[in-house]
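Please read all numbers here as calculations on a predicted model, not as lab measurements. Note that the numbering runs from 1 along the sequence shown for the chain.
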Amino acid sequence: MEFNHVSVLLKECIEGLAIKKDGIYVDGTLGGAGHAYYVCEKLSKKGQFIGIDQDEAAIQASSKRLEPFQQRIHLVRSNYVNIKHVIRDLQLEKVDGILLDLGVSSYQLDTKERGFSYMADAPLDMRMDQSRDFTAKDLVNCYPEEKLFEIIKNYGEERYAKSIAHNICKRRQESEIETTGQLVDIIRASMPAKAKNGKGHPAKRTFQAIRIELNQELDVLQEALEDMVDLLNPGGRLCIITFHSLEDRIVKNFFRQMENPCTCPPDFPVCICGKKPKGKVITRKPILPGEEELSINSRSKSAKLRIFERRE
């Protein structure tokens, strides 16, 4: 299948990056180069674009799509948590903008063999980096019940997490859980009729939780944020699209901390902690998709864009 992805909040991201034609820009979640193509269009021959993705299929597809700009692009297979090393390896010091789109790509969801989707029966995989050995099948069959419960409850915000975790462990005592279809059946059987026949797919939250845990998505995000801000030139912007409340909370709180890092008690007349702001939050409230985008791309429904600008 062609690596196809409908870019979420595309216009808002391009505007949010405030692109300088001779600047250096990074897309840390390159995907099918949906956002990247329009970033590259705005760059002159002196500008540079760096695309990072841990998925080999994304790198191959993006290489083809960005062929018209090949003189100004660098594509690197890596996780964006390694962004500092990627930039240094390219013998660069600072960049003028960084973009992250933390959603799963349409290609990953629609290629059933990748095991991300609960809509088709396929091997339980869910690896964003297919060079890793540990898959969703390993996670589902190896994690203790208590840990499965915590993951499904915290990352999936699933009301029936306890029942689902219990039934996963009960089922795997008979034989390994190997496919997405088997897991969906277990999830359905763990819910009352009203819940599994209600709005939305009953497996959505559990699949999301397993994917987040397997790919360590929240840990990677928290670890990378400060490096990204430190890599920005003055006036450079960090634009992050989240699709999950926990991701959004991490980004929101981090941006606020970078804008106001002072740890002194509120009643102190002057700051004595010495911590200086690194920039300002551009988006006091997140930017959300408009009605037109929602009507075209239903997967944009939970997207939120937040923007931070680096200062001296």
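Residues Arg132 and Asn215 meet the side-chain proximity criterion, which asks for heavy atoms closer than 4.5 Å. The shortest side-chain heavy-atom distance between Asn79 and Val220 falls under the 4.5 Å cut-off.
Between the side chain of Ser117 and the main chain of Asp110, no donor-acceptor pair closer than 3.5 Å is present.
Ionic pairing of Asp227 and Lys84 is present here: one or more N-O contacts between side-chain nitrogen and carboxylate oxygen are shorter than 4.0 angstrom. At a threshold of 4.0 Å, the pair Arg127-Asp129 does not count as salt-bridged, since none of the basic side-chain nitrogens sits closer than that to a carboxylate oxygen. Under the 4.0 Å criterion applied to side-chain N and carboxylate O atoms, Lys147 and Glu145 are not assigned as salt-bridge partners. Using a cut-off of 4.0 Å between Lys/Arg side-chain N and Asp/Glu carboxylate O, Asp55 and Arg114 are scored as salt-bridged. A salt bridge between Arg72 and Glu41 is absent, with no side-chain N of the basic residue lying under 4.0 Å from a carboxylate O of the acidic one. Between Arg77 and Asp53 there is no salt bridge, since none of the side-chain N atoms of the basic residue sits less than 4.0 Å from a carboxylate O of the acidic one. Using a cutoff of 4.0 Å between basic side-chain nitrogens and carboxylate oxygens, Lys278 and Asp230 are scored as salt-bridged. The residues Glu176 and Arg172 are annotated as not salt-bridged, no charged nitrogen and carboxylate oxygen being separated by less than 4.0 angstrom.
Rounding to the nearest 0.5 Å places CZ of Arg284 at 10.5 Å from CZ of Arg306. Atoms OH and CD1, on Tyr118 and Ile187 in that order, are 10.5 Å from each other to the nearest 0.5 Å. In this structure, Gln257 CD and Leu225 CG are separated by 10.0 Å, a value rounded to the nearest 0.5 Å.
Within 6.0 Å of atom NZ in Lys196, more than 12 heavy atoms from other residues, nucleotides or ligands are found, so the atom counts as buried in its surroundings. Heavy-atom contacts from other residues, nucleotides or ligands closer than 6.0 Å to CZ of Arg256 number 12 or fewer. More than 12 heavy atoms of other shown residues, nucleotides or ligands fall within 6.0 angstrom of atom CZ in Phe69.
Using modelled atom types, one finds a donor on one side chain and an acceptor on the other under 3.5 Å when comparing Glu157 with Ser245. Donor-acceptor pairing under 3.5 Å is lacking for the side chains of Glu178 and Gln182. Glu213 and Tyr143 form a side-chain donor-acceptor contact under 3.5 Å, judged by distance and modelled atom types alone. No hydrogens or angles considered: a donor-acceptor pair under 3.5 Å links the side chains of Asp22 and Ser44. When only modelled atom types and interatomic distance are considered, Asp125 and Thr135 share no side-chain donor-acceptor pair under 3.5 Å. Counting only N and O atoms by type, the side chains of Ser300 and Asn297 include no donor and acceptor under 3.5 Å apart.
One hydrophobic cluster, built from ILVMFWY side chains closer than 4.5 Å, holds both Phe134 and Leu124.
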Q | side-chain hydrogen bond (donor to acceptor under 3.5 Å, both in side chains) between Asp101 and Thr29, worked out | A | CA-CA 6 Å; Asp101 175 351; Thr29 50; 5.5 Å; no
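Closest non-hydrogen pair, Cys264 versus Cys273, comes out as SG-N, 3.3 Å. Across all their heavy atoms, Phe116 and Gln108 have their closest contact at CD1-O, 3.5 Å. Annotation for Gly23 and Asp96: closest pair CA-OD2, 3.2 Å, computed over non-hydrogen atoms. When every heavy atom of Ile52 is checked against every heavy atom of Ser78, the shortest pair comes out as CG2-O, 3.3 Å.
Partner of Ile50 under the side-chain contact (heavy atoms from CB on, under 4.5 Å) criterion, out of Ile73, Leu92, Leu75: Leu92 alone.
The side-chain tip of Arg237 does not point at the ring of Phe308 from less than 6.0 angstrom away and within 45° of straight on.
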